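Predicted, not measured: the structure shown is a model, and the values here were computed from it.
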Amino acid sequence: MKSVLLIIKATIIGAILYYIIQFAIDSYQKFPSGQLNINYYLFGFAIFLGLLATFNYSLIWHYITLKNQCSISVKSDAIIWFLAEMGKFIPGKIFLIAGKLYFYNKAGKSKTKIAFCFYVEILCSSIAALLIFLLSLILSDLEMLNQFRVIAVLLVLMMFIMIYPRLVERTSNYLLRFLGKPPIIFELQYHHLLQIIILYTINFVIFGSGLYFLISSVYPLSPSHIPYVSGSFAMAGIIGMISLFAPSGVGVREGVLIFALKMIVPDFIAALSSVLARVWATGAELILVLLVLAYIRFAKLNFSLKQ
């Protein structure tokens, strides 16, 4: 059964990648030669923003553990986040939480609280991504989005009502019961939840701005498209994350980005940007993970994580 599922997953990923590669080749043949120039200053700034936004994720994780009384320290929480993040490259995403549980258990922290922190991380980052996407519909100057703006405003207002802790707890436990999982007790207050969502929202703006400068480094793009690019990147990331069959959302995220970006840039630039975005975001993660590993080794840490 597992081998069948593996074949199905591989077939789906292969089909997506084939479409992306074929789309890139076809669009490249139609793209005017001589219009592709690299602005290294904008490219360098995009790398800086990618590193900054990726590092910020570890700080937000620290804030979540701090509010749930299971934090070790800023340094240790950040290190654990990056070490566990390597699990995203394994299908199923289970190692994202397994890594955190392993290291925090070594530090004597409650597995239940860490699992809850992981749930809050996924929940709040997903809500923030959806919020950025809805705000992009409201703030973007693309005429084709005019018909969605009123609906987007109403959905944003609904989101701030639906994130009340008791409502989140009831909704979450309903889904958990459906999945045969034990219920949770949502201990965070509304303003804590709101703060975490705002932090993720700001970070998505940084990431989206980084993607804007990345695209602008190879093709001129108006600053007015920053909201749209940010919203597209946020939703592509979330859709990629929930695609359990794809390690790190490979293929899925690129497909969503191509679909969104082709509305504002030529097809070939959309395809190129989706590939660059993958290399840029993954590269930032790997660079910071390697720095963390180097720090652990050269600082001669045994990583017991105990205060």
Side-chain angles (χ1 to χ4, degrees), residues 36-61 63 78 81-82 85 121 124-142 144-145 148-149 152 156 159 195-241 248-249 253-254 256-266 269-288:
L36 196 62
N37 297 300
I38 300 178
N39 185 318
Y40 291 100
Y41 295 105
L42 295 180
F43 188 78
F45 189 55
I47 293 176
F48 167 75
L49 290 179
L51 290 169
L52 175 63
T54 303
F55 182 73
N56 285 344
Y57 278 135
S58 68
L59 297 182
I60 299 174
W61 167 255
Y63 184 77
W81 188 89
F82 279 111
E85 193 67 6
E121 179 185 33
C124 291
S125 61
S126 300
I127 292 174
L130 180 57
L131 179 60
I132 282 291
F133 174 72
L134 293 173
L135 290 176
S136 72
L137 297 181
I138 298 170
L139 300 175
S140 177
D141 61 354
L142 296 178
M144 62 180 178
L145 300 179
F148 302 110
R149 290 197 172 104
V156 168
M159 284 179 62
Q195 288 168 0
I196 296 169
I197 292 172
I198 290 174
L199 289 174
Y200 276 118
T201 301
I202 293 172
N203 212 41
F204 275 126
V205 172
I206 297 174
F207 248 132
S209 299
L211 180 58
Y212 162 78
F213 285 109
L214 186 68
I215 298 172
S216 297
S217 70
V218 296
Y219 186 85
L221 194 61
S222 170
S224 63
H225 290 315
I226 291 179
Y228 181 79
V229 172
S230 298
S232 300
F233 182 77
M235 284 308 298
I238 292 301
I239 293 175
M241 182 183 67
S248 194
R253 193 166 74 181
E254 286 73 22
V256 175
L257 265 183
I258 288 175
F259 177 80
L261 293 178
K262 65 186 294 188
M263 305 295 178
I264 58 174
V265 296
I269 298 299
L272 177 63
S273 297
S274 71
V275 176
L276 287 176
R278 166 66 66 175
V279 176
W280 167 67
T282 303
E285 292 174 347
L286 291 178
I287 288 172
L288 291 173

Would you say [X] and [Y] make side-chain contact, with heavy atoms under 4.5 Å?
X: Phe82; Y: Tyr57; value: no
X: Ile269; Y: Leu261; value: no
X: Tyr219; Y: Ser273; value: no
X: Leu257; Y: Leu211; value: yes

[X] to [Y] - nearest heavy-atom pair and separation:
X: Ser230; Y: Ser209; answer: OG-N, 3.8 Å
X: Ala128; Y: Tyr200; answer: CB-CB, 3.5 Å
X: Ala46; Y: Gly210; answer: CB-O, 3.4 Å
X: Asn203; Y: Ala53; answer: ND2-O, 2.8 Å
X: Ala129; Y: Met235; answer: O-SD, 4.0 Å

* Asked: Taking only residues two or more places apart in sequence or in another chain, which ones pass side-chain hydrogen bond (donor to acceptor under 3.5 Å, both in side chains) with Ser224?
  -> Asp141, Ser222
* Asked: Which residues pass the side-chain hydrogen bond (donor to acceptor under 3.5 Å, both in side chains) test with Asn39, sequence neighbours left out?
  -> none
* Could you walk me through whether Val279 and Leu276 pass the side chain to side chain contact (heavy atoms under 4.5 Å, CB included) check? -> CA-CA 5 Å; Val279 176; Leu276 287 176; 5.6 Å; no
How long is the straight-line distance from [atom2] of [Y] back to [atom1] of [X], given to the nearest 0.5 Å?
X: Thr201; Y: Leu135; atom1: OG1; atom2: CG; result: 7.5 Å
X: Lys262; Y: Ser232; atom1: NZ; atom2: OG; result: 13.0 Å
X: Ser125; Y: Phe204; atom1: OG; atom2: CZ; result: 5.5 Å
X: Ile138; Y: Phe133; atom1: CD1; atom2: CZ; result: 11.0 Å
X: Asn56; Y: Ile206; atom1: CG; atom2: CD1; result: 5.0 Å
X: Ile60; Y: Ile198; atom1: CD1; atom2: CD1; result: 11.5 Å

* May I have the step-by-step check of side chain to side chain contact (heavy atoms under 4.5 Å, CB included) for Leu130 and Ser126, ending in yes or no? => CA-CA 6 Å; Leu130 180 57; Ser126 300; over 6 Å; no
* Asked: Between Ile264 and Val229, is a side chain to side chain contact (heavy atoms under 4.5 Å, CB included) present by the stated rule, with each step listed?
  -> CA-CA 9 Å; Ile264 58 174; Val229 172; 3.9 Å; yes
* Any sub-3.5 Å donor-acceptor pair from Ser216's side-chain atoms to Phe213's backbone N or O? -> no
* Quick one: does Tyr212's side chain have a donor or acceptor within less than 3.5 Å of a partner on Leu221's backbone? -> yes
* Asked: Cut-off 3.5 Å, side chains only: do Trp81 and Glu121 have a donor facing an acceptor?
  -> yes
* Worked verdict on Met263 versus Tyr228 for side chain to side chain contact (heavy atoms under 4.5 Å, CB included) -> CA-CA 10 Å; Met263 305 295 178; Tyr228 181 79; 3.4 Å; yes
* To do: Kindly check if the number of other-residue, nucleotide or ligand heavy atoms within 6.0 Å of OH (Tyr63) is above 12?
  => yes
* **is_close_aromatic(Trp280, Phe207), centroid dist under 6.0 Å** => yes
